[in-house]
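A short worksheet on the structure shown next.
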Amino acid sequence: MSKGNIQLTLPDGSVREFPAGATPLEVARSVGERLAAAGVAGQLDGEIVDLRAPIGRSGKFRVLTPRDSEAGVVIRHSAEHVLADAVERVFPGTIIDAGRQDHSEKFQYDFRVDHAFTPEDLERIEQEMARIVKEGKPFERQVVSRKEAAEIFRKRKEEIKLIRLEDIPEGEDITLFRHGDFVDLCRGPHVQRTDQIGAFKLLETSGAYFKGDERNEMLQRIYGTAFATKEELDSYFAKIEEARRRDHRRLGKELDLFSFSPLAPASPFFHPRGTIVYNELVALMRELYQEFGYEEVITPQLFDVDLWKRSGHYDHYRENMFFSDVEGREFSMKPMNCPGHCLIYSTHAHSYRELPVRFADFGRLHRYERSGVVQGLTRVRTFSIDDAHIFCTPAQIGQEVSSLFELMFRVYGIFGFQQPAIYLSTRPEKAIGEEALWRNAEAQLERCLKERGVEYTLNPGEGAFYGPKIDFVVLDAIGREWQLGTIQLDFNLPDRFDLTYVGDDGTEQRPVIIHRAVLGSVERFFGVMLEHFAGDLPLWLTPEQARVLPVSDRFMDAGRAVRDRLVQAGLRAELDERSEKLGAKIRDGELAKIPVLLVVGAREAESGGASVRVRHRGDLGTKDLDEVIATMTTTVHKRVLNPWPEVQ
RNA sequence: GCCAACGUAGCUCAGCCGGUAGAGCAAGUGAUUCGUAAUCACUAGGUCCGCGGUUCGAUUCCGCGCGUUGGCUCCA
């Protein structure tokens, strides 16, 4: 390789040499004019680069065209600029801030305008964008000095850009991208021409704090999405529609599981059916607690604030707590169970021989959440957690965390969640306890993760105020992420409550507390699980496991006998006593997502069986009642996902 | 908390430019006695979220409050 040249390995495996500073566009041209014309960006060792940005080093290189899925990022990023351009044209005098593309398939741009964007405005802006796209204006990349950039934005009266310019660290290249008369401070990469933005749509407007800080002014944000093709755009909306179909708030109402009242904002009411589901979730955890050595406790709802002062919640969590004054004494609803468990622990002396002590608690918690943040079951003001606190010796942390991993994977497997992603969160700014304690706790968790050989991602500064944590994030049936389980190490609370145990040398030692939850909030899990299953709950969890449908009133007694036998076998079965035709009963049973419908008519009344119709499977024919009961009870007890497995 | 939209029968929704409301489903009653996703008829059901204001008159326009939704910020 001659001096000053770079070597690029192309997708076909060939290696070509180019002068350093050659642009991806030039590389593309050397492959073929058609590739060069179709290209939207380059990719060097996985990193997406602008077609006009000089390549500074050797590596694996390819040209991205609209057919590559990675092209979407570039297209959306370019659509941002077109959006800003269109807004400036439709609303002259608008001060633009900056665009961004979040990790989803949306892009956004923030504006300072004196009037609020309406849906009609969005339509006008969209039309203007369509015009700009159609014009096929080339994007131009330009590297400028700080002074030049400042000059340009000053002239354009883009005051926010000047602030953004100052935020660019000294020594970094300042690049501008232009298309037509529009110019923006931007790193890129961008498509070559605006008409490479194949399909786009503006979605919604919202307020957004400047630089994401609520002390700053609020700008107006417009969200949109863009893809290379109309088909991709359509499938984006299909995905949104699917999520809407699964929305737990809609399902909760349709299946009569829970509701909300304005008289108790953000506080769910679980109806009889929802309560069955809720209790099954709790029962699952109770069953596993037996196996994993937990002891359940029940603790008070309301505590003197002295408790919270002692635990540190009063100083660090007060803005999330509900208070009440009684007899001139200040009380607070508990937002967490841990201090109560510390009080139980300290009711008697402990020996190292009895540790670990594991207190489980499904106690109801109340946390004040700002009115704008609450949402369905996933963000509420009262909930319970499958909460437990493990009091152990420092030496036991490893084995406890290890056993927790086993518990977590067991539970998530029961629901068919994918292998969870794991995050390690470290000391936040607002934390209690000495730096050294924190470092020790973080190191211990890290060691546990390494010893297990699990992959994890570091989340610096995201820990709880009392200790670092490991979070478990699962993917649901349509690929969305949900944070469920958590393991939090706490060296602070034992200190604050002066908890001790007697070590094998007879001296007083300080235990460690591990806060942990598997489902997390039962309410949130309920919502997540409901969406994951799209309302089709597994047999063990569903409120009505079977519904008996007499073909006509004449077979009501036969139907009742079938229902009674199922109920005696411990199944949740009901009888459709309405004087409806079979078709209507089946339709209503299906709409209620009942897994097993049992039809009873002349034939069945004769033989004593029932005709079995399984959801998503259809009519399985007449079966003996003993077989129906055996299949169903086994499926329930084993918590099998499939409501009617052929082979048990 | 902040920005915006929305709030009409149990549910889903219609209701133009201000003249006190309508559909489908659900519910009730009656008829029908039916074999794998909707039988027919009739009946009842409304502080049009609440409170103020403008107006001869407000579900409709304006203000405030409450709630919900989508974002921002925050979070189990």
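Per chain, numbering begins at 1; letters A, B, ... match sequence-line order.
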Which one is paired to [N], where only Watson-Crick or G-U wobble pairs with both distances under 3.5 angstrom count?
{"N": "B/A38", "answer": "none"}
{"N": "B/C13", "answer": "B/G22"}
{"N": "B/U69", "answer": "B/A4"}
{"N": "B/A27", "answer": "B/U43"}
{"N": "B/C61", "answer": "B/G53"}

Can you list, by residue number, the residues of [range] that have a non-hydrogen atom closer than 4.0 angstrom to RNA chain B?
{"range": "residues 583-595 of chain A", "answer": "A/Gly583, A/Ala584, A/Ile586, A/Arg587, A/Glu590, A/Leu591"}
{"range": "residues 458-486 of chain A", "answer": "A/Lys469, A/Gln483"}
{"range": "residues 519-534 of chain A", "answer": "A/Ser521, A/Arg524"}

Quote, to the nearest angstrom, the [atom1] distance that separates [N] from [M].
{"N": "B/G10", "M": "B/C62", "atom1": "P", "value": "27 Å"}
{"N": "B/C6", "M": "B/A44", "atom1": "C1'", "value": "30 Å"}
{"N": "B/G22", "M": "B/C48", "atom1": "P", "value": "14 Å"}
{"N": "B/A26", "M": "B/U59", "atom1": "C1'", "value": "24 Å"}
{"N": "B/C64", "M": "B/U69", "atom1": "P", "value": "22 Å"}
{"N": "B/G1", "M": "B/U43", "atom1": "P", "value": "48 Å"}

[X]-[Y] side chain donor-acceptor pair, cut-off 3.5 Å:
{"X": "A/Thr426", "Y": "A/Asn459", "result": "no"}
{"X": "A/Thr382", "Y": "A/Arg364", "result": "yes"}
{"X": "A/Tyr412", "Y": "A/Gln419", "result": "no"}

What nucleotide among [options] has an atom nearest to a side-chain atom of [X]?
{"X": "A/Lys581", "options": "B/G71, B/G35, B/C34", "answer": "B/C34"}
{"X": "A/Glu214", "options": "B/U73, B/U68, B/G70", "answer": "B/U73"}
{"X": "A/Lys106", "options": "B/G67, B/G35, B/G71", "answer": "B/G71"}

- Item | For A/Lys201, salt bridge (charged side-chain N to carboxylate O under 4.0 Å, His left out) partners two or more places apart |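 Applying salt bridge (charged side-chain N to carboxylate O under 4.0 Å, His left out) to A/Lys201 gives A/Glu126.
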- Message: Could you check whether A/Arg112 makes a cation-pi contact with A/Phe210, meaning its NZ or CZ is under 6.0 Å from the centre of the six-membered ring and within 45° of the ring axis?
- Response: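 Output no; distance or angle outside limits.
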Grab the [atom1]-[atom2] distance between [X] and [N] for me, whole Å please.
{"X": "A/Asp576", "N": "B/A37", "atom1": "CG", "atom2": "C1'", "value": "13 Å"}
{"X": "A/Arg381", "N": "B/G67", "atom1": "CZ", "atom2": "C1'", "value": "11 Å"}
{"X": "A/Leu122", "N": "B/G70", "atom1": "CG", "atom2": "P", "value": "17 Å"}
{"X": "A/His248", "N": "B/A76", "atom1": "NE2", "atom2": "C1'", "value": "13 Å"}
{"X": "A/Lys623", "N": "B/U36", "atom1": "NZ", "atom2": "P", "value": "18 Å"}
{"X": "A/Asp553", "N": "B/G35", "atom1": "CG", "atom2": "P", "value": "13 Å"}
{"X": "A/Arg250", "N": "B/U69", "atom1": "CZ", "atom2": "C1'", "value": "14 Å"}
{"X": "A/His313", "N": "B/A76", "atom1": "NE2", "atom2": "C1'", "value": "13 Å"}

Pick base, sugar-phosphate or nothing for [X], based on heavy-atom distances below 4.0 Å to the nucleic acid.
{"X": "A/Ala517", "value": "nothing"}
{"X": "A/Gly376", "value": "sugar-phosphate"}
{"X": "A/Ser611", "value": "base"}
{"X": "A/Gln488", "value": "nothing"}
{"X": "A/Gly212", "value": "sugar-phosphate"}

Classify the angle between the aromatic ring planes of [X] and [Y] as parallel (below 30°), tilted (30 to 60°) or perpendicular (above 60°).
{"X": "A/His515", "Y": "A/His389", "result": "perpendicular"}
{"X": "A/Tyr109", "Y": "A/His81", "result": "perpendicular"}
{"X": "A/Phe359", "Y": "A/Phe391", "result": "perpendicular"}
{"X": "A/His248", "Y": "A/Phe258", "result": "tilted"}

- Would you say B/G70 has OP1 or OP2 under 4.0 Å from some side-chain N or O of A/Arg249?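 Indeed, a polar side-chain atom of A/Arg249 lies that close.
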- Query: For A/Tyr368 and B/C75, is the shortest distance between a side-chain N/O and OP1 or OP2 below 4.0 Å?
  - Reply: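 Checking B/C75 against A/Tyr368, no side-chain N or O comes under 4.0 Å of OP1 or OP2.
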- On a plain distance test, is the side chain of A/Arg370 in donor-acceptor contact with the base of B/U73 below 3.5 Å?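 Such a pair is found, so the answer is yes.
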- Is the base of B/U36 touched by the side chain of A/Arg613 through a donor-acceptor pair closer than 3.5 angstrom?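 Check passes, donor-acceptor contact within cut-off.
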- Message: Would you say the rings of A/Phe91 and A/Phe111 are close, in the sense that their centroids are separated by under 6.0 Å?
- Response: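 Ring centres of A/Phe91 and A/Phe111 not closer than 6.0 Å.
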- Ring center gap for A/Phe270 and A/Phe526 short of 6.0 angstrom: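 Between A/Phe526 and A/Phe270, which both carry aromatic rings, the centre distance is below 6.0 Å.
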- Selection residues 596-609 of chain A - residue pairs positive for salt bridge (Lys or Arg N to Asp or Glu O under 4.0 Å), sequence neighbours left out: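 For residues 596-609 of chain A, and leaving out neighbouring residues, there are no salt bridge (Lys or Arg N to Asp or Glu O under 4.0 Å) pairs at all.
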- Verdict with supporting geometry, A/Ser311 and A/Leu493, side chain to side chain contact (heavy atoms under 4.5 Å, CB included): CA-CA 6 Å; A/Ser311 68; A/Leu493 225 41; 4.0 Å; yes
- Task: Classify every nucleotide of nucleotides 2-15 of chain B by which part a protein heavy atom approaches to under 4.0 Å, writing B for the base, S for the sugar-phosphate alone and - for neither, in 5'-to-3' order.
- Result: BBS------SS---
- Task: Verify the stacking flag for A/Phe383 against B/A76: centroid separation must be under 5.5 angstrom and the ring planes must differ by under 30 degrees.
- Result: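 So yes, this residue stacks on that base, both cut-offs being met.
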- Message: If you compare all heavy atoms of A/Pro335 against all heavy atoms of A/Trp308, which two are closest, and at what distance to 0.1 Å?
- Response: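 Between these two residues, the closest heavy atoms are CD-CH2, 3.5 Å.
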- Would a distance-only check, ignoring hydrogens and angles, find a side-chain to backbone donor-acceptor pair under 3.5 Å from A/Asp476 to A/His532?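 Side chain of A/Asp476 to backbone of A/His532, a donor-acceptor pair under 3.5 Å: no, none is there.
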- Query: Donor-acceptor pair, A/Lys585 side chain versus A/Pro550 backbone, under 3.5 Å?
  - Reply: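 Here the side-chain-to-backbone pair exists.
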- Query: Between A/Phe107 and A/Leu83, does a side chain to side chain contact (heavy atoms under 4.5 Å, CB included) hold up when you go through it step by step?
  - Reply: CA-CA 10 Å; A/Phe107 66 84; A/Leu83 166 60; 3.8 Å; yes
